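The structure displayed is predicted, hence computed values, not measured ones. Both counts, for ligands and for their atoms, begin at 1 and track the order of listing.
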Amino acid sequence: MDFADLSPTYARGYQPGWPVEAEVKRARDALARADPLVPASGIRRLQARLAEPGFLLHAGDCAETFRDNTRTSVAKRVSLLHAMSDAIEAKSGRPVVMVGRIAGQYAKPRSAPTEHRTGITLPSYFGDAVNDTDFSAAGRTPDPWNLVRAHEHSKKTLSHLEGSGVFASHEALLLDYEQPQTRRSADEGRVYDHSAHLLWIGERTRSLTGDHVDFAAGIANPIAVKIGPGATPAALMGLHAVLNPENLPGRLAFIFRMGRHRAYDLAYAMLSRIMAEGWTDRVICDPMHGNTVVSPAGLKTRVVAAIEAETREFFSACNDTGVTPGGIHLEVSGDDVSECVPARVDDTYLAINYRSACDPRLNPEQASYLAQLVGELLVSHRHFVQREEMTASRR
Ligand SMILES: O=C[C@H](O)[C@H](O)COP(=O)(O)O
Ligand SMILES: C=C(OP(=O)(O)O)C(=O)O
Ligand SMILES: [Mn+2]
């Protein structure tokens with residue numbers, strides 16, 4: 001296979017170039033026969049929780065790996081989510097719904113279809129559901145049976161999550177993974193994607209005319225859509241019309257990931273439109289994905305101060321438009337990694353324990369700091385709401 005020319009297949013909605021189409025069909029058939037990973041009742045339970053005013057804590061790995069899918073690792077991730085949730089609840093008094101980037105976050109939409117190292121060109125790493133991080137021809141060749149392995153691993157993770165109060169979510173990127181797991185429920189006739197409770201559409205695949213939005217429109221799970229700096233209020237309008245035409249609470253969330261410098265202005269414009277239209281869609285802040293930088297040694301990192309700054313800007317825009325902040329979306333690790341730098345990019349710090357298979361994650365200490373901050377910012381929003389109510393009652 002000519003790895004240097006993957007661009008044409010990859011351009012089709014970031015789907016990997018599978019080497020043998022017949023194998024893709026066999027893997028899809030295996031997924032269609034496999035047990036549903038999450039039951040319709042669990043999906044409906046999350047939808048009901050999201051229809052209430054609770055705050056969504058949406059966090060986990062950028063890319064889970066099969067290697068790290070152990071009971072211990074899952075337990076550490078769950079306990080971090082609980083610690084963060086407790087901190088937000090304790091400060092703000094607002095109930096928190098925990099949704100992990102977990103039990104299926106195995107696919108990545110990479111900026112470039114190929115990676116070059118010392119004269120060798122191979123496919124990029126697209127997540128364990130497609131290929132391997134190992135930079136070798138064997139490791140990087142997409143294997144459709146990894147889709148089936150991703151299903152098996154997700155099943156194992158879900159068994160560790162049982163009774164933890166954490167719902168599962170991932171980016172619905174690989175249609176060869178999602179479509180075969182989509183079934184009509186026998187009791188109420190709705191169509192659910194049983195691969196996770198919540199699915200999100202990424203910044204790169206949210207085109208109104210693309211296959212991903214079309215797929216999401218056809219399933220009844222809660223859906224989130226990433227909204228980056230290139231989006232307009234008109235684009236939001238189109239997504240709302242297609243994904244939540246009945247304006248159902250708990251169905252749709254917009255995850256803003258604007259980057260710290262333009263976060264306030266861009267969010268303000270979008271939130272004003274949401275307010276004016278009276279949409280029930282939840283608004284969430286992802287202060288990670290617009291703030292990725294590359295260190296001098298070539299590692300992707302994020303400065304915690306920038307993550308904090310975007311979080312503050314988002315909450316200010318919510319306060320100034322009167323929209324309720326609906327959640328925070330973070331990439332975090334249960335391990336003490338050194339992937340996000342405190343205040344300035346520093347390769348010595350990054351070298352201590354950089355383990356991410358894709359994007360840099362907050363370690364537990366950094367994640368807990370962010371959770372405290374969010375709790376505090378929610379308190380000032382509560383005061384804002386009370387002020388509004390007082391003004392209204394005086395009229
Ligand atoms: O979340 C993941 C990344 O932001 C996305 O895959 C792009 O990463 P890349 O620019 O390293 O390809
Ligand atoms: C790829 C991701 O984000 P975005 O689509 O916002 O770039 C991600 O959440 O890992
Ligand atoms: Mn990421």
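Counting the atoms of ligand 1 from 1 in the order shown, those under 4.0 Å from a heavy atom of Arg110 are 6 (O), 8 (O), 9 (P), 11 (O), 12 (O). Listed by number with element, the atoms of ligand 1 under 4.0 angstrom from any heavy atom of Lys108 are 1 (O), 2 (C), 6 (O). Close contacts of ligand 1 with Cys62, meaning ligand atoms under 4.0 Å from a residue heavy atom, involve 1 (O), 2 (C). Remark: ligand 1 atoms within the under-4.0 Å shell around heavy atoms of Arg204 are 5 (C), 7 (C). Those atoms of ligand 2 with a heavy atom of Gly202 less than 4.0 angstrom away are 5 (O). Using a 4.0 Å cut-off to heavy atoms of His289, the atoms of ligand 1 that qualify are 1 (O), 4 (O). In summary, the atoms of ligand 1 found under 4.0 Å from a heavy atom of Asp359, numbered by their order in the structure, are 1 (O), 2 (C), 3 (C), 4 (O). Each of the atoms 10 (O) of ligand 2 lies under 4.0 Å from some heavy atom of Cys62. Under a 4.0 Å criterion applied to the non-hydrogen atoms of Cys358, ligand 1 contributes the atoms 2 (C), 6 (O).
Using a 4.5 Å cut-off between side-chain heavy atoms of Ile, Leu, Val, Met, Phe, Trp and Tyr, with links allowed through other members, Phe215 and Leu243 fall into the same hydrophobic cluster.
For a threshold of 3.5 Å applied to N or O pairs, the pair formed by Lys108 and ligand 2 contains at least one separation below that value. Checking only distances, Arg101 does come within under 3.5 Å of ligand 2, N or O to N or O. For the pair Ala112 and ligand 1, the shortest N or O to N or O distance does not fall below 3.5 Å. Considering backbone and side-chain atoms together, Arg257 places an N or O closer than 3.5 Å to an N or O of ligand 2.
Relative orientation of the Trp279 and His240 rings is parallel, given thresholds of 30° and 60° on the angle between their planes.
Residue, atom and distance of the protein heavy atom nearest to atom 8 (C) of ligand 2 are His289 NE2, 3.0 Å. For atom 4 (P) of ligand 2, the closest non-hydrogen atom on the protein side is Lys226 NZ, 3.5 Å. Looking from atom 5 (O) of ligand 2 to the surrounding protein, the closest heavy atom is Glu203 N, 2.8 Å. Scanning the protein heavy atoms around atom 8 (O) of ligand 1, the nearest turns out to be Lys300 NZ, 3.1 Å.
Our summary of the site lists the angle at the Mn ion (ligand 3) between SG of Cys62 and NE2 of His289 as 170°, to the nearest 10 degrees. Computed with the Mn ion (ligand 3) at the centre, the Glu331 OE2 to Asp359 OD2 angle is 130°, stated to 10 degrees.
Between the side chain of Arg361 and the main chain of Glu339, no donor-acceptor pair closer than 3.5 Å is present. Using a distance-only test at 3.5 Å, with no hydrogens or angles considered, no donor-acceptor pair links the side chain of Thr114 to the main chain of Ser124. Using modelled atom types, one side-chain atom of Lys156 and one backbone atom of Asn69 make a donor-acceptor pair closer than 3.5 Å. Between the side chain of Arg282 and the main chain of Leu50, a donor-acceptor pair closer than 3.5 Å is present.
Under the 4.5 Å side-chain criterion, counting only non-hydrogen atoms from C-beta, Glu331 is in contact with Arg302.
The heavy atom nearest to atom 10 (O) of ligand 1, out of those in Gly202, Ser356, Pro109, Ser111, is found in Ser111.
Using modelled atom types and a 3.5 Å distance limit, the side chains of His170 and Glu178 yield a donor-acceptor pair. In this model, a donor atom of one side chain and an acceptor atom of the other lie less than 3.5 Å apart for Ser295 and Asp347. Between the side chains of Asn247 and Thr280, at least one donor-acceptor pair of N or O atoms lies under 3.5 Å. In this structure, a donor-acceptor pair under 3.5 Å is present between the side chains of His329 and Arg101.
Look at Arg44 and Asp187 and you find a salt bridge, because one of the NZ, NE, NH1 or NH2 atoms lies within 4.0 Å of a carboxylate O, short of that distance.
Annotation: cation-pi geometry not satisfied between Arg149 and Phe66 (NZ/CZ under 6.0 angstrom from ring centroid, within 45° of ring axis).
The shell of residues lying under 4.0 angstrom from ligand 2, judged by heavy atoms, includes Glu331.
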